[in-house]
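First up is the structure itself, then whatever we jot down about it.
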Amino acid sequence: MSKDGALEAHGVTGADAPGVRRRDVPGARWRAAAGMLLVAAVTYNDWLLQFWVRTGLDQRNSYVSEAFAADQPHRELFSVVELVTAALVMTAAGLAATAVPQGWPAAGWGALAAFAACSVADVALPMRCAPSVEAGCPADSIAHTMTSGLVHFALFASMATFAISTRSAPGGGCRAGRWARWLLPVSMAAAISSTGPYIGRPGGHGIAQRAHVLTVGLWFWLLAAEAWREQRGTRP
């Protein structure tokens, strides 16, 4: 009788056989989600590339999305980075959403997936020009303003949903949700502070928006840490 046959005769098969590692599908999903979110936390802050790529934009007084405006020379580079980031976030959110029960956490991951989808639309409907360096260029187009608004709405919905989930969860819920209660107002305040050109008060809005983008990267990092803790809990 072969070794495999002997194991089967004793009721030891597949993943329970000695030397055979059991498949950890849920854990693998959480680990993949954590890794993708960590990368996305960096790539979402692609405005840092402007320290090496000469865009001609003043980071203090320009929007991040001006780098991939329709007439900008490095539009393709920044568009690709934005799309890759959206793909990472959407995949991570999808993996996480299938690994949690229905309820507030699943809704939070769903809102994050919506954020990624709206980010794709934001790139597909870019600004026509860069208003910070081109005279006569409008602050934004209606289409891009709508997609950017949806991006912000989905992001804040994700933070709010995770924060709400901590109220009824045993032990105070996930850490990302507890941090979201503080991060949400900070991120929202930074986003609102970047609307100066829309109310006739341009200047310094680039700093405010980049501060907001940093809070988004921090949110991805918090969610990555949460995903990593979840995978530790799924180990056999």
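Residue numbers start at 1 and run along the sequence shown.
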Is there a donor-acceptor contact under 3.5 Å from the side chain of [X] to the main chain of [Y]?
| X | Y | answer |
| --- | --- | --- |
| Ser187 | Leu183 | no |
| Gln50 | Thr55 | no |
| Glu226 | Arg175 | yes |
| His212 | Ala208 | no |
| Ser158 | Ala154 | no |
| Glu66 | Ser132 | yes |
| Glu134 | Ala130 | yes |

If the condition is side-chain hydrogen bond (donor to acceptor under 3.5 Å, both in side chains), which residues does Ser194 pass it with, not counting sequence neighbours?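 Counting only residues at least two positions away or on another chain, Ser194 forms no side-chain hydrogen bond (donor to acceptor under 3.5 Å, both in side chains).
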Quick check on the hydrophobic clustering: are [X] and [Y] connected, directly or via other members, by side-chain heavy-atom contacts under 4.5 Å?
| X | Y | result |
| --- | --- | --- |
| Val123 | Phe220 | no |
| Ile192 | Leu155 | yes |
| Val120 | Met146 | no |
| Met90 | Leu38 | no |
| Val53 | Phe68 | yes |

Search all heavy atoms of [X] against all heavy atoms of [Y] and return the closest pair with its distance.
| X | Y | answer |
| --- | --- | --- |
| Leu95 | Thr98 | O-OG1, 2.8 Å |
| Ala69 | Arg75 | O-CD, 3.4 Å |
| Ser119 | Val151 | N-CG2, 3.6 Å |
| Gly204 | Asn61 | N-OD1, 2.7 Å |
| Leu125 | His144 | O-ND1, 2.8 Å |
| Ala40 | Val89 | CB-CG2, 3.7 Å |

Determine whether the side chains of Thr85 and Thr43 contain a donor N or O and an acceptor N or O closer than 3.5 Å. yes
Do Phe162 and Trp109 have ring centroids that are under 6.0 Å from one another? yes
For Phe115 and Trp219, I'd like to know if the aromatic rings sit close, meaning centre-to-centre distance below 6.0 Å. no
I need the [X] [atom1] to [Y] [atom2] distance, nearest 0.5 Å.
| X | Y | atom1 | atom2 | result |
| --- | --- | --- | --- | --- |
| Arg54 | Leu49 | CZ | CG | 15.0 Å |
| Leu150 | Thr145 | CG | OG1 | 11.0 Å |
| Arg210 | Leu48 | CZ | CG | 9.0 Å |

Heavy-atom count around Trp47 CH2 within 6.0 Å, excluding the residue itself: above 12? yes
Between Phe78 and His74, what is the ring plane arrangement, given parallel below 30°, perpendicular above 60°, and tilted in between? perpendicular
Going by the angle between their ring planes, with limits at 30° and 60°, are Tyr63 and His205 parallel, tilted or perpendicular? tilted
Do Val64 and Asp46 pass the side-chain contact (heavy atoms from CB on, under 4.5 Å) test, and can you show the C-alpha distance, the side-chain angles, and the key distance before you say yes or no? CA-CA 8 Å; Val64 174; Asp46 57 353; 3.9 Å; yes
State which residues pass disulfide (SG to SG under 2.5 Å) with Cys118; sequence neighbours excluded, sorted by chain then number.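 Cys118 satisfies disulfide (SG to SG under 2.5 Å) with no other residue.
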Side-chain contact, heavy-atom cut-off 4.5 Å: [X] with [Y]?
| X | Y | value |
| --- | --- | --- |
| Glu82 | Asp122 | no |
| Pro138 | Arg128 | yes |
| Val39 | Met36 | no |

Residue that, paired with Tyr44, satisfies side chain to side chain contact (heavy atoms under 4.5 Å, CB included) out of Val81, Leu214, Val213: Val213
Just one of Leu223, Leu88, Leu222 clears the side chain to side chain contact (heavy atoms under 4.5 Å, CB included) bar with Leu37, so which one? Leu223
Run the numbers on Gln72 and Ser65 for side-chain contact (heavy atoms from CB on, under 4.5 Å), then give the verdict. CA-CA 10 Å; Gln72 291 303 293; Ser65 55; over 6 Å; no
